[in-house]
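Only one structure is covered here, and it is reproduced in the block below.
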Amino acid sequence: VQLQASGGGLVKSGGSLRLSCTASGFSLDSYSIGWSRQAPGKEREGVSCISASDGRIFYDDPVKGRFTISRDIAKNTVYLQMNDLRPEDSATYYCGRGPFTGGNYGCTLFYEYDHWGQGTQVTVSS
């Protein structure tokens with residue numbers, strides 16, 4: 001099982017980036033995929049995820065309306081389109097594999113994710 005995150009970089013405030021998470025060793029239609037991020041000195045936080053069982057999508061409040069998660073089952077890849085980026089979005093972004101279903105919690109049980117990729121750095125300058 002591998003998760004390869006890419007697409008990070010340096011962008012000015014208000015700019016956009018699209019992160020990609022390519023999975024290998026398993027199929028996206030059998031596992032939920034989520035994105036989390038961690039800034040220096042801060043706790044890791046779940047940003048967004050998409051449930052395998054029903055396609056339900058979650059966004060953490062700080063990114064609602066600016067980030068969009070999507071998946072391409074054929075390419076076994078999940079994307080995170082990030083628009084209107086702000087300096088507080090600067091962090092290392094990780095993609096992870098979660099259970100097929102989390103019941104009423106959908107894909108948001110990030111502590112149950114069993115594999116995480118190596119992360120991609122996003123830096124937003126003001």
Side-chain angles (χ1 to χ4, degrees):
V1 172
Q2 283 193 331
L3 294 150
Q4 181 71 41
S6 62
L10 174 64
V11 65
K12 292 184 179 179
S13 184
S16 298
L17 285 172
R18 188 177 80 157
L19 305 184
S20 298
C21 174
T22 300
S24 59
F26 68 98
S27 175
L28 290 186
D29 55 10
S30 298
Y31 292 89
S32 300
I33 295 292
W35 289 93
S36 68
R37 67 185 181 185
Q38 187 166 24
K42 293 189 177 181
E43 289 188 359
R44 196 149 160 178
E45 58 181 357
V47 174
S48 179
C49 61
I50 183 165
S51 175
S53 60
D54 56 11
R56 269 191 293 169
I57 287 174
F58 161 81
Y59 297 106
D60 198 18
D61 284 344
V63 308
K64 280 181 181 176
R66 300 187 297 122
F67 290 13
T68 303
I69 191 171
S70 62
R71 63 181 176 180
D72 185 329
I73 299 294
K75 294 183 178 179
N76 228 30
T77 299
V78 172
Y79 303 98
L80 187 68
Q81 178 67 42
M82 306 187 297
N83 297 329
D84 188 25
L85 283 162
R86 304 166 182 171
E88 54 265 38
D89 294 317
S90 297
T92 301
Y93 284 71
Y94 302 89
C95 61
R97 187 182 84 165
F100 176 75
T101 179
N104 291 334
Y105 296 96
C107 56
T108 63
L109 301 179
F110 289 97
Y111 61 87
E112 291 194 348
Y113 283 43
D114 61 356
H115 289 277
W116 290 93
Q118 86 290 355
T120 185
Q121 181 67 41
V122 172
T123 303
V124 185
S125 63
S126 56

Listed partners of D84 passing salt bridge (charged side-chain N to carboxylate O under 4.0 Å, His left out), at least two apart: R86
Got a sec, which pairs hit salt bridge (charged side-chain N to carboxylate O under 4.0 Å, His left out) with one end in residues 108-126, sequence neighbours left out? R97-D114
Please step through side-chain contact (heavy atoms from CB on, under 4.5 Å) for the pair Y79 and D72, ending with a clear verdict. CA-CA 8 Å; Y79 303 98; D72 185 329; 4.0 Å; yes
Indicate if L3 and V47 have the same hydrophobic cluster label, given that clusters are the connected sets of ILVMFWY residues with side-chain heavy-atom separations under 4.5 angstrom. yes
Can you sort out the partners of R66 under side-chain hydrogen bond (donor to acceptor under 3.5 Å, both in side chains), two or more places apart, ordered by chain and number? D89
Any luck finding a side-chain donor-acceptor pair between N83 and S16 under 3.5 Å? yes
Measure across C107 and F58 and return the closest heavy-atom pair with its distance rounded to 0.1 Å. SG-CB, 4.2 Å
With sequence neighbours excluded, tell me which residues meet side chain to side chain contact (heavy atoms under 4.5 Å, CB included) with S13. P87, V124
Under 4.5 Å between any side-chain heavy atoms of Y113 and Y94, yes or no? no
Could you list the residues that satisfy side chain to side chain contact (heavy atoms under 4.5 Å, CB included) with T123, not counting sequence neighbours? L10, S90, Q121
Sequence neighbours excluded, the answer for side-chain hydrogen bond (donor to acceptor under 3.5 Å, both in side chains) partners of S27 is D29
With sequence neighbours left out, write down each residue that passes side-chain hydrogen bond (donor to acceptor under 3.5 Å, both in side chains) with E45, or none if nothing qualifies. R37
Heavy-atom pair with the smallest gap, counting every atom of S30 and A52: C-CB, 3.9 Å
From S24 atom OG to Q2 atom CD, the distance as rounded to the nearest 0.5 Å: 4.5 Å
Any S20 side-chain heavy atom under 4.5 Å of S6 side chain: yes
Which is it for F100 and S32 under the side-chain contact (heavy atoms from CB on, under 4.5 Å) test, yes or no, and what are the steps along the way? CA-CA 5 Å; F100 176 75; S32 300; 5.9 Å; no
With sequence neighbours left out, the residues meeting side chain to side chain contact (heavy atoms under 4.5 Å, CB included) with K64 are Y59, D61
Gap separating the OG1 atom of T68 from the CZ atom of R18, nearest 0.5 angstrom: 11.5 Å
For the atom pair CH2 (W116) and SG (C95), what is the distance rounded to the nearest 0.5 Å? 8.0 Å
Side chain to side chain contact (heavy atoms under 4.5 Å, CB included) filter on L28, not counting sequence neighbours, yields A23, F26, I33, R71, I73, N76, V78
For the CD atom of Q81 and the CD1 atom of I69, what is their distance to the nearest 0.5 Å? 12.0 Å
Suppose we screen for side-chain hydrogen bond (donor to acceptor under 3.5 Å, both in side chains). Which residues come up paired with T120, at least two apart in sequence or across chains? none
Quick one: are L85 and F67 in side-chain contact, heavy atoms under 4.5 Å? yes
hydrophobic_cluster_shared for I57 and M82, side chain cutoff 4.5 Å: yes
Do the side chains of W35 and C21 get nearer than 4.5 Å, heavy atoms only? yes
Determine, using the 4.5 Å side-chain heavy-atom cutoff (strictly less than), whether L80 and Y31 are members of one ILVMFWY cluster. yes
Distance-only, no hydrogens or angles: does the Q118 side chain make a donor-acceptor pair with backbone N or O of Q4 under 3.5 Å? no
Y111: hydrophobic cluster co-members (side-chain, 4.5 Å): Y105, L109
Let me check something: do I50 and V1 share a hydrophobic cluster, defined by ILVMFWY side-chain heavy atoms less than 4.5 Å apart, either directly or through other members? yes
By salt bridge (charged side-chain N to carboxylate O under 4.0 Å, His left out) - contacts of R44 (at least two apart): none
